[in-house]
Amino acid sequence: MNRLIDGVSIRTLAYTCTGSAFLLGAGYCGIRQYTLRDHVVYETACAQLKGSSRVREILQIQKPSSSGSDSGSREQSDASQDQQVVVRGVVGGYLDTLHGSAVLTIPIRASSGSGPQIIARVEAEADWVRTTAEEVRPIERRAAPVRWLLRHMELEVEGSPPEILYSLPAHRPQSPWAPGHGPFLIPRPLRAAVPEMSGLLKDPGAMQTLVLSGALMLMNALGYIYVRGHGRRRKEFEMMCTKMSIPLSRRIVMLREQAAKMVNKAAAERNASRGRISLSSKSLLVKNIADDLPIYGSVTPELTRAFSMVNTNGGLQALVIEIIGNADDRGEGRLSKAALISPNEILEAFMTAQPKLRTHEILLMLLLKEDTTVSQPDAPVMQTRVKKPVRPGFQPPKKG
């Protein structure tokens, strides 16, 4: 998982999320169009619009005349077959089968493409909406077949006010997802392809869903940035560790084993003194350490401070040790301090340390900071020389 996150850049992830959102939005719009066109309200409204004389008059489509010569009637019949009312464009609106209301906006025009385009607005209600709550129960509404009543139909030509063909009073207020009237800055096909944007502000449930979705997306983005940054820091730390790798000697391996036993003994004593405690609060115990386990740190003829990643009963931990004296096979270095420190603390200490601090100084800070640091009773003390500050212009007296 970490390799997958590290291998994908933020730009690639942004492009992938944008493309995925576009594909999902396109799929949703396609399914929405199919749902609107497959409903009985749409089919009934299209049948009424195609048979309306007012619609044919606006579109300048003439019906064939039964009188006159045979050649004239044949020409009019051929012309009427060529000119038909068709639906061209994106159907907008909504269908609410739960509350029994529907509003559709249907674009129609002549089949030849001549004449203006008409946007027909159709409003419908289910038959059980017209009854009272006492007469029809909610369970009976779902069980019985639903019949829809087209109660309102109007025609709107661009540049002209809407023309109402028929209208009946509504028994319920319209849904906030109903398409609005009036001029809009967004082109009509684009507005009809998606739900009404004002419904997001008017519908409490939609607003809560939108806020929750935005919060989840923000949390995922922050989590990805954190995991990616943590993985990048861990990778830099691993590269740093390769530079701090110490050659394994038999004495260092022996002293590391001694440090593990010393840490385990101190942890056992702490657990015994606490009595009955939960497993999560018990001190960590080091498991068996392989002889070829890498060790990282700083080695000098007088001092060695290093750490190895070891397995414990609480997961992976860093065993930090301090050796006074020469840690080579010929030397007589002795173990001074040891402690188990979290890998995150090791990573944080090395990544946030000042550039002038050396490796053994950072490890010393960790040893002094950790409460569970164990010191060898008979270990020699490392003496550190500190130069006294000299005042400018001061000349020490010469001897003799």
Open item on the list: So, applying side-chain contact (heavy atoms from CB on, under 4.5 Å) with L49, which one of I108, I118, T44 is it?
Closed with: I108
Open item on the list: Please report the interatomic distance CG(L335) to OG1(T304), rounded to the nearest 0.5 Å.
Closed with: 11.0 Å
Task: Where R151 and P169 come nearest, the two heavy atoms and their spacing - done: CD-O, 4.1 Å
Open item on the list: Would you say that L368 contacts T373 through its side chain, given a criterion of any heavy-atom pair below 4.5 Å between the two side chains?
Closed with: no
TODO: Answer yes or no: is there a donor N or O on one side and an acceptor on the other, between the side chain of Q48 and the main chain of A45, under 3.5 Å?
DONE: no
- [ ] For residues I289 and L293, report the shortest heavy-atom separation together with the two atoms involved.
- [x] CG2-CD2, 3.7 Å
TODO: Determine yes or no for a side-chain-to-main-chain donor-acceptor pair under 3.5 angstrom, with E156 supplying the side chain and A120 the backbone.
DONE: no
Open item on the list: Using only atom types and a distance under 3.5 Å, with no angle test, would you say the side chain of R188 pairs donor to acceptor with the backbone of V90?
Closed with: yes
Task: Side chain proximity check, V103 to Y94, heavy atoms < 4.5 angstrom - done: yes
TODO: Please check if the side chain of E302 supplies one atom and the backbone of I324 the other of a donor-acceptor pair under 3.5 Å.
DONE: no
TODO: Evaluate the side-chain proximity of L303 to T300: yes if any heavy-atom separation is below 4.5 Å, no if none is.
DONE: yes
TODO: Count the heavy atoms of every other residue, nucleotide or ligand shown that sit under 6.0 Å from CG of L218, and state whether that count exceeds 12.
DONE: yes
- [ ] Just do the side-chain hydrogen bond (donor to acceptor under 3.5 Å, both in side chains) check on R88 and S111 with the steps written out, would you?
- [x] CA-CA 9 Å; R88 284 186 179 176; S111 58; 5.8 Å; no
Task: Path from I341 to M244 over hydrophobic side-chain contacts below 4.5 Å - done: yes
Task: Heavy-atom donor-acceptor pair, N220 side chain to L216 backbone, under 3.5 Å - done: yes
TODO: First locate atom CG of L255, then atom CD1 of I323, and finally report the distance between them rounded to the nearest 0.5 Å.
DONE: 4.5 Å
Task: Partners passing ring pair (Phe, Tyr, Trp, His ring centres under 6.0 Å) against W148 (at least two apart in sequence or in another chain) - done: H39
Task: Within one Ile-Leu-Val-Met-Phe-Trp-Tyr cluster: V41 and Y166, side-chain cutoff 4.5 Å - done: yes
Open item on the list: Using the rule side-chain contact (heavy atoms from CB on, under 4.5 Å), only one of T35, L104, L95 pairs with Y42; which is it?
Closed with: L104
Open item on the list: Any heavy-atom pair between the side chains of R37 and V87 that's under 4.5 Å?
Closed with: yes
Open item on the list: Could you go through V286 and N313, starting from their C-alpha distance and side-chain angles, then the distance that decides it, and tell me whether this counts as side chain to side chain contact (heavy atoms under 4.5 Å, CB included)?
Closed with: CA-CA 7 Å; V286 181; N313 56 344; over 6 Å; no
Task: Any donor-acceptor N/O pair, T312 side chain to G315 backbone, under 3.5 Å - done: yes
TODO: Identify the residue among L165, V122, I164, L168 that makes a side-chain contact (heavy atoms from CB on, under 4.5 Å) with H152.
DONE: I164
Open item on the list: If we ignore hydrogens and angles and just use 3.5 Å, is the side chain of S249 paired with the main-chain N or O of A327 as donor and acceptor?
Closed with: yes
Task: Joint hydrophobic cluster, L364 plus L347, side-chain heavy atoms closer than 4.5 Å - done: no
Task: I119 with M153, same ILVMFWY side-chain cluster at under 4.5 Å - done: no
Task: Candidate pair D127 and L149, rule side chain to side chain contact (heavy atoms under 4.5 Å, CB included), full reasoning - done: CA-CA 7 Å; D127 57 349; L149 172 67; over 6 Å; no
Task: Within-4.5 Å side-chain heavy-atom neighbours: V374 and K337 - done: no
TODO: Please lay out, stage by stage, how T359 and F350 fare under the test side chain to side chain contact (heavy atoms under 4.5 Å, CB included).
DONE: CA-CA 8 Å; T359 302; F350 275 91; 4.0 Å; yes
Task: From E123 atom CD to Q174 atom CD, the distance as rounded to the nearest 0.5 Å - done: 4.0 Å
Task: Under 3.5 Å: donor-acceptor pair, side chain of S308, backbone of V310 - done: no
Task: Between CE on residue M217 and OG on residue S213, distance to nearest 0.5 Å - done: 8.0 Å
Task: Test item: Q317 and M309 side chains (from C-beta on) under 4.5 Å apart, heavy atoms - done: no
Task: Qualifying side chain to side chain donor-acceptor pair (under 3.5 Å) pairs, either residue in residues 285-298, two or more places apart - done: none
Task: Minimum heavy-atom distance V157-P116, with the two atoms named - done: CG1-CB, 3.9 Å
Task: Nearest atoms (heavy-atom pairs only) where R172 meets E125 - done: N-OE2, 3.6 Å
Open item on the list: When you group the ILVMFWY residues by side-chain heavy-atom contacts below 4.5 Å and let the links chain together, are L366 and L316 in the same group?
Closed with: yes
Task: Distance (rounded to the nearest 0.5 Å) between L190 CG and L185 CG - done: 12.0 Å
TODO: Step by step, work out the side-chain hydrogen bond (donor to acceptor under 3.5 Å, both in side chains) result for S336 and E322.
DONE: CA-CA 5 Å; S336 175; E322 181 185 71; 3.0 Å; yes
Task: R121 (side chain) donor-acceptor with P179 (main chain) under 3.5 angstrom - done: yes
Task: Check: F307 and C241 side chains under 4.5 Å, non-hydrogen atoms - done: yes
Task: Shortest non-hydrogen contact from L285 toward A268 - done: CD2-N, 4.3 Å
Open item on the list: Determine whether a donor-acceptor pair (N or O, by modelled atom type, separation under 3.5 Å) exists between the side chain of R256 and the backbone of I321.
Closed with: no
Task: For the student: nearest non-hydrogen atoms of A193 and C29, plus distance - done: O-SG, 3.5 Å
Open item on the list: R54 vs E163, test: side chain to side chain contact (heavy atoms under 4.5 Å, CB included). Steps then yes/no.
Closed with: CA-CA 10 Å; R54 180 54 182 163; E163 180 180 348; 2.8 Å; yes
Task: Check: E269 and K265 side chains under 4.5 Å, non-hydrogen atoms - done: yes
Task: Separation of L36 CG from R32 CZ (nearest 0.5 Å) - done: 5.0 Å
